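Please read the structure below before turning to the comments.
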Amino acid sequence: MIQIPQKGKAKEEIFQTLESYKGDDLDWKSGRVMGYVYEPGEKAKDVINQAYTMYLSENALDPLTFPSLLRLENEVVAMTAGLLNSPPEVVGNFTSGGTESLMLAVKTARDFARATKPQITEPEMVLPITAHASLFKAAHYLGLKPVVTPVHDDSFKADVSAMRDAVTDNTILLVGSAPGYTHGVVDPISEIAALAREKDLLCHVDACVGGIHLSYMRKLGYEVPDFDFNVPGVTSLTTDLHKYGYAAKGASVVLYQNKELRRYQIWACSRWTGYTVINPAVTSSKTGGPMAAAWAVMNHLGDEGYREIVREVMAATQKLIDGISHIDGVRILGRPDMCMFALASDSDKINVYRLADEMKLKGWYLQPQFARENSPANLHISMNRSTVPQAEAFLEIFAETIEEMKQREPDDDTNLLYAELEKLSINYDEATFFKLAEMVGVTADQLPDRMEKINKLLEVLPYDVSEFMLVEFLNNLMVAARTQRPD
Ligand SMILES: Cc1ncc(COP(=O)(O)O)c(C=O)c1O
């Protein structure tokens, strides 16, 4: 078992070791990682680093002790709200990310319903299947029932008449995405919000990934569907700064129509023996780093900087979409509204999970997404400033890889996998996990390099079984390091 070394190590050794640990990580600096990382470029990065470390030790637990953090938070929230057609009554908070922001929006809706509709004891939230997983997580953590509705066949936008049918006496909240991560398309927010108004419900817009980018597209004259506080009936909205705000990770904003609603977000505790606790967000003690870094990057890039980035990123996205559309055997799903999209294939020779593996071998990361309801298996691409210079190289390698795959015979792996699954009796225990894991070549102590079979398995298993598998996988992977590093 690894232990704290008896004697402290020199700085050089510490950083050498850290560098060596990074060896197997995705090389995001190459600009070939089409997800996860949003990079504003070296100059802005320097400002972010400096602001982050300047506030590393300040504790945002208590804005009265560190009033500069209160000021930074209020200014970051104001700058964000200013992009989103917010009337002066709109209020909000800084959080650690999309998940925390959404968790808070759902908690606020739940507690508002408890106060205003006490007859509802089993609250429900209606959300399209394209809503982000963190909303399902929020429902799970907070005891709401997620009522999932379909999206339209070719556009992948929320089917609002299905949402209407899903509303019951227990519904407290409707959700739409701007855009949904999977396909990058914006839901019909005006219609969802109108339905919420008609039924006296709250309406949350998840603009975590899109809020900043879409608002600059709008300023640049792109056609952008209405998605923010200019839509009557929108009562809360989340937007992440650590995505297309290009801030350091740990930066998001949750906004509410007014203070009356935000009241239900805030938690205070004076009934224990310790210091007074008053938290707007989920976390309590936290570094001021992300807040200061977000403030710094917004002020450093300014309106002009964001416009320039969005212009560049949109031009590169269009290049990719046009290029991919000309490649026989793959197609873009729906009509993406910003700089992220999904591509699928109808050819029996192009299994997208294998395509992702092949691209990864060549140094490119595309994100596999499972076939769910009417959305086929696909690969997701998010463009950002760091991937722009690689757009042409991507198209070349991508087309070449598709050609190579077309030359090969279609494989029969999926049918073999189905046949093996038929023979298995699935129990929710570790033995089943290890049996299934073995079938797709996963071992308990090593990260898999090819994901095709694993993705296929996770796709075909019933949701509760695949979720059980994923939990077991991580539960086995995340164990205290047992072997001592060579010193
Ligand atoms: C639409 C949307 N909502 C929520 C999230 C969750 O954000 P985070 O990973 O910051 O918790 C994401 C992440 O990509 C997203 O795209």
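Quick caveat, the model's predicted, so the values are computed rather than measured. FYI, the numbering just counts along the sequence from 1. Just follow the structure's listing: the first ligand is 1, and inside any ligand the first atom is 1.
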Quiz prompt | Nearest non-hydrogen partners of V313 and N384, listed with the distance | solution = CG2-C, 3.7 Å
Self-check item: Polar contact flag for G98 and ligand 1 (N/O pairs, less than 3.5 Å)
Solution: yes
Quiz item: Which atoms of ligand 1 are found less than 4.0 Å from any heavy atom of C208?
Solution: 2 (C), 3 (N), 4 (C)
Quiz item: Can you check side-chain hydrogen bond (donor to acceptor under 3.5 Å, both in side chains) on S101 and S252, steps first, answer last?
Solution: CA-CA 7 Å; S101 286; S252 172; 2.6 Å; yes
Quiz item: Can you check whether V205 reaches D228 side chain to side chain, under 4.5 Å on heavy atoms?
Solution: no
Self-check item: Contact check, S177 vs ligand 1, heavy-atom distance below 4.0 Å
Solution: no
Practice problem: Look at atom 10 (O) of ligand 1 and find which of H132, H242, M340 reaches it with the closest heavy atom. | Solution: H242
Practice problem: Tell me which protein heavy atom sits closest to atom 16 (O) of ligand 1, plus the residue, atom name and distance to 0.1 Å. | Solution: Y181 CD1, 3.2 Å
Quiz item: Are K219 and D303 ion-paired here, with the side-chain N under 4.0 Å from a carboxylate O?
Solution: yes
Quiz item: Using the ring of each side chain (for Trp, its six-membered ring), is Y246 parallel, tilted or perpendicular to Y38, with breaks at 30° and 60°?
Solution: perpendicular
Quiz item: Parallel, tilted or perpendicular: which fits the ring planes of F398 and F394, with parallel below 30° and perpendicular above 60°?
Solution: parallel
Quiz item: Is K243 close to ligand 1, meaning an N/O of one under 3.5 Å from an N/O of the other?
Solution: yes
Quiz item: Just heavy atoms, cut-off under 4.0 Å: does D240 contact ligand 1 by side chain, backbone, both, or neither?
Solution: side chain
Quiz item: Taking N or O atoms only and a 3.5 Å limit, does T99 qualify as a polar contact for ligand 1?
Solution: yes
Exercise. Heavy-atom contacts with S134 under 4.0 Å: which atoms of ligand 1 show up? List them by number with element.
Key: 4 (C), 6 (C)
Self-check item: atom 3 (N) of ligand 1 [closest protein heavy-atom partner, distance rounded to 0.1 Å]
Solution: D206 OD2, 2.7 Å
Quiz item: Which heavy-atom pair separates R218 from L84 by the least distance, and what is that distance?
Solution: NH2-CA, 4.3 Å
